[in-house]
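Residue numbers start from 1 in every chain, and the chains themselves are labelled A, B, ... in the order their sequence lines are given, proteins ahead of strands. Predicted model, so just to flag it, every value in this text is computed and none were measured.
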Amino acid sequence: MIALADCNNFFASCERSIRPELEGKPIVVLSNNDGCIIARSNEAKALGYKMGEPVFKVRDKLVRNQVHVFSGNVALYRDISEKIMHILASECNAMEIYSIDEAFMDFTDVAAPDEKAILLREQVLKETKIPISVGIAKTKVLAKLASRIAKKHTQSGVFVLNDKELIERALSYYSVEELWGVGRKQTHLLNDKGIFQASQLAKTDEAWLRRHMKIGGVRLARELNGIPSFALEENRPSKKSIMTSRSFRREVASFGVLNEVLSNFASSCAFKLRKQETIAKKIAVFIQTNRFKSDVKHHYGYLEVEFPVATNDSIEIIKAVYEALDRIYDRDCLYKRAGVIVSDIIPDKEIQLNLFSDQDISKRAKLMKVYDDVNCKMGEGTLRLSIQGTEKQWGQKKAPIAFRN
DNA sequence: TCTGGGGTCCTAGGACCC
DNA sequence: TCTGGGGTCCTAGGACCC
């Protein structure tokens, strides 16, 4: 059996855990620049606040409802998460930390899974003040579903989804879009074929699933039928890509400002690389105008630099960032978002110090895209910007740009 | 005025080779 | 006018997750 432990309203619960007087009060936690709502307590959910909702649209309502509003404090959430994961790990043989607030536990040899889960829940609550829900089933997908049921329909916060009839009832109750791995696109596809309930998906022909939903669809249906198709990944490998990016509070035009923030992002990426004892072969820089603004020229600049020798050295990465920015910066644009991505990450086998000249960097800046007048739209089921438009290949290096601060 | 910040996996199709 | 067939590797982009 697999148990999924899932923290309830994690960020909101973290804020409450250090302020017990907020018990029973509505709480929301905001993203960078206090832009969006990214977590809500049950009370805030009941008042109708949505995940990802822009704060400016509900500012008055927040005041009216006397909601307690917090700017996100990721360092705190990470600390609390580590504490919880430590408790969970000490109580099972194998565990996969799936996200900051979720972990799959191997409950194979547990005699009474429900009793154990209840004890575990109590321990976490006592030591961290964070309420968790635990779903137990034969597969990850079913355990996910079980944790939903645990969260919404039980007093104990624990639910075992193992009985055959119970599984059938649950799958008839939930729609396909509520399943782990089914997003907007797949929901549409399934609904078009008359498949609405999870129970229908479980009975769908495998050949059809393979053709239309690829291997993911096949695995999903198998999991619903109690056949494990997603393994517990105990030793999560180090990250394959690392990104540091931010939206600015106000739009910026200045090369100097962009260069400064991107240099900080570069250091941050280098630090994260060193922390997991890895080095990266590639770095990418992107800058982007406000995607929500209509009737203006949108600009998206993206440049990748490949290092001759993989590195996690801040100075080298910052130098590459400067080069990249110099080539994608357009002085006529107002920028709203910028970021640095390191990828092609490999283990840091030996300590290397390979400084190379700026000229080397520009030679290595292989791939370059600048999109102008892009048709910006929200990707389906995701906040990521998808870019459609004509790619303007990099030709001549731009004339030097004066610093404007 | 104001709209988050991370990640992963899978696949199609092009590049390239014999 | 004729103009193979396979195989592998790489990468961009889609879809999804928290």
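Nucleic acid contact for A:Lys50: none, since no nucleic acid atom lies under 4.0 Å from a heavy atom of the residue. Note on A:Lys293: nothing from the nucleic acid sits closer than 4.0 angstrom, heavy atoms only. Contact annotation for A:Ile97: no contact, since no heavy-atom pair falls under 4.0 Å across all strands. Among the atoms of the strands shown, none is found under 4.0 Å from any heavy atom of A:Phe10. Residue-level contact check: A:Arg250 touches neither bases nor backbone, having no heavy atom under 4.0 Å from any strand.
Rounding to whole angstrom units, CD of residue A:Glu223 and C1' of C:dC16 are separated by 15 Å.
For the atom pair CD of A:Glu277 and CG of A:Asn312, the computed distance is 10.0 Å after rounding to the nearest 0.5 Å.
The phosphate of B:dG6 (OP1 or OP2) has a side-chain N or O of A:Ser245 nearer than 4.0 angstrom. Taking 4.0 angstrom as the limit, A:Lys336 places a side-chain polar atom (N or O) nearer than this to OP1 or OP2 of B:dT3. For B:dG5, the OP1/OP2 oxygens have a side-chain nitrogen or oxygen of A:Arg337 closer than 4.0 Å.
Comparing A:Lys272 and A:Arg219 against DNA chain B, the residue whose closest nucleotide sits nearer the 5' end is A:Lys272. Sequence order on DNA chain B of the closest nucleotides to A:Ile215 and A:Ser238 puts A:Ser238 first from the 5' end.
For the pair A:Val261/A:Phe248, a side-chain contact is recorded, criterion being any heavy-atom separation below 4.5 Å from C-beta on.
Distance from the side chain of A:Arg246 is smallest to B:dG6 among C:dC16, B:dG6, C:dC18. When distances run from any side-chain atom of A:Asp101 to the nucleotides B:dG7, B:dT3, C:dC18, the shortest one goes to C:dC18.
For the residue pair A:Glu43 / A:Tyr49, no side-chain donor-acceptor distance below 3.5 Å is found, with atom types taken as modelled. Between the side chains of A:Ser41 and A:Asn9, no donor N or O sits under 3.5 Å from an acceptor N or O.
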